[in-house]
Protein chains: 2
Amino acid sequence: MAVTIRDVARASGVHISTVSRTFSAPHLVNPNTRSRVLAHAEQLGYRPNRAARALITGRTYNIGLIVADIANPFFPPLIKAAESQARKHDHHIFVADTNEDPALEEEVVRALAKQVDGVLLVSPRMSNALIEQLSREVPLVVVNRQIAGIPAVVMDVARGARTAIEHLTALGHRRVALLGGPRGSWTSREIRRSASTTARAGGAELIIIGPNPPTEVGGLTVAEDVLRAGATAVLAYNDLMAIGLIEGLLAAGARVPTDVSVVGIDDIMLSRLTRPKLTTVATPTAAAGRAAVDMLLAHGDDRRTNAHIHLQTELVIRDSTGRGPGPHSPADPGDAIAHGGVAS
Amino acid sequence: MAVTIRDVARASGVHISTVSRTFSAPHLVNPNTRSRVLAHAEQLGYRPNRAARALITGRTYNIGLIVADIANPFFPPLIKAAESQARKHDHHIFVADTNEDPALEEEVVRALAKQVDGVLLVSPRMSNALIEQLSREVPLVVVNRQIAGIPAVVMDVARGARTAIEHLTALGHRRVALLGGPRGSWTSREIRRSASTTARAGGAELIIIGPNPPTEVGGLTVAEDVLRAGATAVLAYNDLMAIGLIEGLLAAGARVPTDVSVVGIDDIMLSRLTRPKLTTVATPTAAAGRAAVDMLLAHGDDRRTNAHIHLQTELVIRDSTGRGPGPHSPADPGDAIAHGGVAS
DNA sequence: GACAGTTGTGCAACCGCTTGCATTAATTGC
DNA sequence: GCAATTAATGCAAGCGGTTGCACAACTGTC
């Protein structure tokens, strides 16, 4: 069926090992022989079988990339950055989606394990214990999670949440709702922890609503809860939820930001296109994708490194946040910073 | 390093072939032996190496799925549907993004070729000749393209474009612009062909602008061209471009739909969230993903089938289209159909 | 109790490729 | 001019599995 190394060897009148070497160690073969082999290979349409090669070398030149939901606009920029970074090192990325399902995450990692040199686990929902176990079966890099002994790339959402809450309290908000993300999300726990501390320090009450599915619908369905709780400002786990929430608030007759201010997290493309434009915490997704690939390539072999990369987040103030009922701070960031501008 | 079939055989005191059979042909091994082997396998944490198995069986239980741009919201629903359909048949999907680059498409197909049972090529940008050549190296199913001898799933965008143009001419539009998609897109050619015919039949002039990159920016940058051309209505290659165009038109001071009507294609989630909500041609992306997987599984082995699946599209009328300057038809679809409703 | 069937397991070749070692021919040093 | 290198290629084992075939050891039959 497919043309193998044997066909090329036969056509060129050499041993298969010579053909093998023309491709993987050209300097070991006589230039004349090499070009003859290459010519025959070309003519027969021979392509080395990477899977067979991997069996012996242990290197596949593939990297697995697992995300919870490919339809969440947060992921594509990360994926694309990882792909282009991998390509620079002659690797290919295989993406898999797990539908926010921890069980599927495990299954997919195992399916990928022997076909890739390592797996990038982005915003995993499974338990630390399971991740540690899997990391014994295949080199892992986690993104948006911190686990001792496992290389990680984390975006500083804690600081992002702090900045967001400070922005809201400075605007005079005293009852702030936090829309939690999915169960199992490390990011969601970080945000919650940081937001709680910051709210307390700023004299505001934080009302926690969730966990919720990290989608528009997740935000839409809790709009009533937000209004019922009497919150005048909301920090959502991500932009998708924030956008859904705004839809829900508007549908319920509330104005944004006049009645309720809304802050998202991620700064997905979409957040610039909705009305009002969304105030949000920008996360460096592309940088995270690149860093994760680099980290895997660097630490793939050594198990249990503690290599961590921290990436900064930035608050982007747009049109979905405004004055609250309480006294607002003299250094109101809403005045100090241009609309659509960036503050850290 | 990793535990292999030999380790399990040694631990269980049987030959490796018996271990192999406990996994791939359980009925051939004595129940007692089987459970003993399974126990040892479990205890050692043995996982069969799918790549090694594939070498001999020729089946990887993997499917490649190649898209032009994972960040385009058109693709994720298709990908997710394909993944869940594949999972039903115990297959896994590997997604790869090609950045709208035909050369990368070829490279990725070849990289995937031996590691998958077949490749789903969604909206490919490369030439027919190249696709035909690749289909000799690995089973292929193309989506949104028709090539003789290659199994295909096509969405009827021609009919969608016709319905969209009829909608516009019925509203009284006589100068309609068509924003073309990327070079190499079969869909774009189909739309153009169908829109031209329909516009002529409806007594309208069709102004073709493009090719353009199929993104928001692609739409945004041609907003001025649209105004300069004096078009009162626009059919865009996809929703992303339509949304970008609307942004551009609003920025230039034109009102949508009062001054210019805009119709997109795809009905991505986003088109329901922008203001005004987008009138668009809904394409059955999830169905296409499922159909493509089914088709590959059914026809993977036989080369050169002519199996084709056609899927219908539907015009969804929302808020971005309105009356044009000309006489509008008495059976104005804008009156006949409820907002947000669906017509075919 | 000999015979034909079953059933369960082992043997060994093989999938497509890499690689350490042996072999041979050509080149170099003195 | 001969030993010692060096360069180019072949040989064969092996990566982690699968599978056709042979071989026992049972089972049941008459």
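What you see is a predicted model; the values in this text were computed from it and never measured. Below, chain A is the first sequence line, B the second, and so on; all start at residue 1.
- Comparing A:Tyr46 and B:Arg36, the nucleotide of DNA chain C nearest to each residue sits closer to the 5' end for B:Arg36.
- Figure legend: B:Arg21 and B:Phe23 shown without cation-pi pairing, the cationic atom not lying both under 6.0 angstrom from the six-membered ring centre and within 45 degrees of its axis.
- Here A:Arg34 lies out of heavy-atom contact (under 4.0 Å) with every strand.
- When rounded to the nearest whole Å, the span between CG of B:Leu55 and C1' of C:dA13 equals 14 Å.
- Rounded to whole Å, the distance from CG on A:Asp7 to P on C:dC17 is 9 Å.
- Here the nucleotide nearest the side chain of B:Val29, chosen from C:dT9, D:dT18, D:dC15, is C:dT9.
- As judged by a 4.0 angstrom heavy-atom cut-off over every strand, B:Val14 is placed among residues touching the sugar-phosphate backbone only.
- At least one side-chain heavy atom of B:Arg36 sits less than 4.5 Å from a side-chain heavy atom of B:His40.
- Looking only at atom types and distance, the side chain of B:Gln85 has a donor-acceptor partner in the side chain of B:Asp294 under 3.5 Å away.
- At a threshold of 4.0 angstrom between heavy atoms, the contacts of A:Ser20 include nucleobase atoms, whether or not backbone atoms are also involved.
- Using a 4.0 Å cut-off, some side-chain N or O of A:Thr18 falls inside it from OP1 or OP2 of D:dG10.
- With C:dG20, C:dT9, D:dA12 as the candidates, the nucleotide lying closest to the side chain of B:Asn30 is C:dT9.
- With rounding to whole Å, A:His27 atom NE2 is found 14 Å from C:dT18 atom C1'.
- Considering CD1 of B:Ile70 and CD1 of A:Ile70, their distance stands at 3.5 Å, rounded to 0.5 Å.
- Looking at the side chain of A:Thr4, the nearest of the listed nucleotides C:dT18, D:dT18, C:dG16 is C:dG16.
- To the nearest angstrom, C1' of D:dC11 lies 16 Å from CG of A:Leu28.
- Distance CG (A:Asn49) to C1' (C:dC14): 14 Å, rounded to an integer number of Å.
- Using a 4.0 Å cut-off, no side-chain N or O of B:Ser17 falls inside it from OP1 or OP2 of D:dT19.
- Judged by atom type and distance alone, B:Arg6 reaches the base of D:dG17 through a side-chain donor-acceptor pair under 3.5 Å.
- In this structure, of C:dG16, C:dC14, D:dC21, it is D:dC21 that holds the atom nearest to the side chain of B:Arg21.
- At whole-Å resolution of the value, CD1 in B:Ile56 and C1' in C:dA13 are 9 Å apart.
- The CG atom of A:Asn128 sits 4.0 Å away from atom CD1 of A:Ile147, with the distance rounded to the nearest 0.5 Å.
- Applying the 4.0 Å criterion to OP1 and OP2 of C:dC17, one finds that A:Thr57 has every side-chain N and O outside that range.
- Note: A:Phe94 and B:Phe94 have parallel aromatic rings, judged against thresholds of 30 and 60 degrees for the angle between ring planes.
- The separation between B:Arg10 atom CZ and D:dG16 atom P is 11 Å, rounded to whole Å.
- At whole-Å resolution of the value, CZ in B:Arg50 and C1' in D:dG16 are 15 Å apart.
- In the set C:dG8, C:dC17, D:dG16, the nucleotide with an atom closest to the side chain of A:Ala52 is C:dC17.
- Listed nucleotides: D:dG17, C:dA12, C:dT18. Nearest to the side chain of A:Ile5: C:dT18.
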